[in-house]
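Residue numbers start at 1 and run along the sequence shown. All ligand and atom numbering here is 1-based and tracks the order in the structure.
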Amino acid sequence: MIAQSPESLTNQLDLEKIFGRKAPLHVDLGCGDGSFLCALAQRMPCKNFLGIERLLGRIRSAARKAASLDNVRLLQMESFYAVRYLLPAESVETFYLLFPDPWPKRRHQRRRIVTPDFLNSVHVALEQNGAIYIATDHLDYFQKIKGIAESTPGFAIDDADVDLPQSKFGLIFGQKGAPIYWVSLREISPVK
Ligand SMILES: C[S@@+](CC[C@H](N)C(=O)[O-])C[C@H]1O[C@@H](n2cnc3c(N)ncnc32)[C@H](O)[C@@H]1O
């Protein structure tokens with residue numbers, strides 16, 4: 001595993017060079033301590049896993065967990081920037097956005113990551129038929145995400161039927177008995 005800065009903040013990532021092989025790419029946006037990322041990477045050794053997280057302490061925790069995994073890389077960066085500018089078009093098989101900060105106060109809600117611009121950038125980065133899985137414990141944010149997804153062309157929306165490892169926050173919310181809302185958006189445009 002390599003925790004690294006990109007060679008350039010403006011050139012797209014050379015994924016084959018970074019992973020040392022060509023394989024389907026899964027990206028965990030806001031990967032936190034890397035529990036989910038590393039569990040999934042162990043389950044699917046034939047795929048490449050990129051965790052993106054803006055906090056250094058969490059990237060370091062994730063790096064410790066990923067130390068023995070050849071198919072995990074970590075990027076300390078703002079997720080939307082990375083999706084928009086650093087991931088090549090049609091390079092991602094699956095995105096995960098698990099428990100994005102909900103910013104519950106109305107005056108802070110413009111800080112939420114899921115916006116029409118964000119989903120458009122996700123759409124560009126996804127392979128044909130690729131998907132983004134989103135989970136939140138926050139009903140208002142969930143409804144807003146679904147509303148934005150419905151008005152963004154090129155996605156089929158499903159209630160995600162998920163058989164995925166628990167993330168750290170998934171575990172915490174699950175232990176509290178909080179309802180967890182899932183949605184998956186599948187890329188369905190025939191042509192980009
Ligand atoms: C509630 S935690 C969830 C962490 C992890 N996904 C999980 O389920 O355990 C949200 C994480 O996203 C990170 N984060 C929030 N906004 C981000 C952004 N715009 N870019 C990168 N990381 C972000 C936070 O630092 C935090 O680690």
Side-chain angles (χ1 to χ4, degrees), residues 1-6 9-10 12-13 18 25-44 47 49-66 69 72-87 92 94-105 107-126 131-142 144-145 148 160 162-185:
M1 196 293 313
I2 305 170
Q4 59 187 67
S5 303
L9 283 176
T10 51
Q12 293 189 328
L13 298 176
I18 288 169
L25 178 65
H26 289 220
V27 180
D28 186 7
L29 301 170
C31 68
D33 75 343
S35 310
F36 168 82
L37 178 76
C38 293
L40 203 59
Q42 272 179 307
R43 204 189 267 188
M44 295 195 270
K47 311 223 179 204
F49 288 83
L50 180 64
I52 303 176
E53 167 58 53
R54 66 179 171 195
L55 295 183
L56 180 60
R58 293 190 182 172
I59 279 282
R60 285 187 173 142
S61 301
R64 282 193 291 275
K65 290 188 180 64
L69 298 172
V72 177
R73 301 291 184 271
L74 296 162
L75 197 55
Q76 188 199 351
M77 179 156 294
E78 200 284 311
S79 292
F80 184 16
Y81 184 92
V83 173
R84 184 165 195 155
Y85 296 110
L86 300 186
L87 289 170
V92 179
T94 309
F95 281 107
Y96 305 91
L97 180 64
L98 305 184
F99 306 100
D101 295 337
W103 298 108
K105 289 187 181 157
R107 69 177 185 280
H108 292 155
Q109 287 182 1
R110 61 198 158 80
R111 300 180 190 169
R112 288 175 170 175
I113 192 168
V114 180
T115 62
D117 267 358
F118 171 77
L119 284 189
N120 280 324
S121 296
V122 164
H123 188 273
V124 171
L126 281 174
I132 177 166
Y133 290 91
I134 304 176
T136 179
D137 66 316
H138 199 275
L139 181 58
D140 172 71
Y141 194 13
F142 178 69
K144 295 272 164 42
I145 290 169
I148 294 167
V162 283
D163 173 23
L164 292 170
Q166 283 279 23
S167 70
K168 179 175 176 186
F169 277 75
L171 200 61
I172 292 169
F173 293 133
Q175 282 167 349
K176 285 185 186 162
I180 293 174
Y181 308 98
W182 282 90
V183 65
S184 76
L185 312 180

Please write down residue, atom name and distance for the protein heavy atom closest to [atom].
atom	answer
atom 1 (C) of ligand 1	Phe99 O, 3.0 Å
atom 15 (C) of ligand 1	Asp101 OD2, 3.2 Å
atom 22 (N) of ligand 1	Arg54 N, 3.3 Å
atom 12 (O) of ligand 1	Gly30 CA, 3.5 Å
atom 26 (C) of ligand 1	Arg58 NH1, 3.0 Å
atom 21 (C) of ligand 1	Ser79 OG, 3.2 Å
atom 19 (N) of ligand 1	Glu78 OE2, 2.6 Å
atom 25 (O) of ligand 1	Glu53 OE2, 2.6 Å

| Is there any N or O on Pro100 that sits under 3.5 Å from an N or O of ligand 1? | no
| task | For residues Leu40 and Lys47, determine if any side-chain heavy atom of one lies less than 4.5 Å from a side-chain heavy atom of the other. | result | no
| Does Ile148 reach the side chain of Phe118, with side-chain heavy atoms less than 4.5 Å apart? | no
| Proximal ligand 1 atoms for Lys168, defined as those under 4.0 Å from one of its heavy atoms | 9 (O)
| field | Ligand-residue contact atoms, ligand 1 with Leu55, heavy atoms, under 4.0 Å | value | 25 (O)
| field | Shortest heavy-atom approach to atom 9 (O) of ligand 1 - which of Tyr81, Phe173, Phe169 | value | Phe169
What side-chain donor-acceptor pairs closer than 3.5 Å can you find for residues 25-38, not counting sequence neighbours?
from, atom 1, to, atom 2, distance (Å)
His26, ND1, Tyr96, OH, 2.9
His26, NE2, Glu93, OE1, 2.7
Asp33, OD1, Ser35, N, 3.0
Asp33, OD1, Ser35, OG, 2.7
Asp33, OD2, Ser35, OG, 2.9
Asp33, OD2, Lys65, NZ, 3.3

| Of the options Leu87, Val124, Val122, Ile132, which is the one that meets Val92 in a side chain to side chain contact (heavy atoms under 4.5 Å, CB included)? | Leu87
| query | Stepwise, does the ring pair (Phe, Tyr, Trp, His ring centres under 6.0 Å) test hold for Phe99 with Phe169? | reply | CA-CA 7 Å; Phe99 306 100; Phe169 277 75; 7.1 Å; no
| Residues two or more places apart in sequence or in another chain: which of them pass side-chain hydrogen bond (donor to acceptor under 3.5 Å, both in side chains) with Lys168? | none
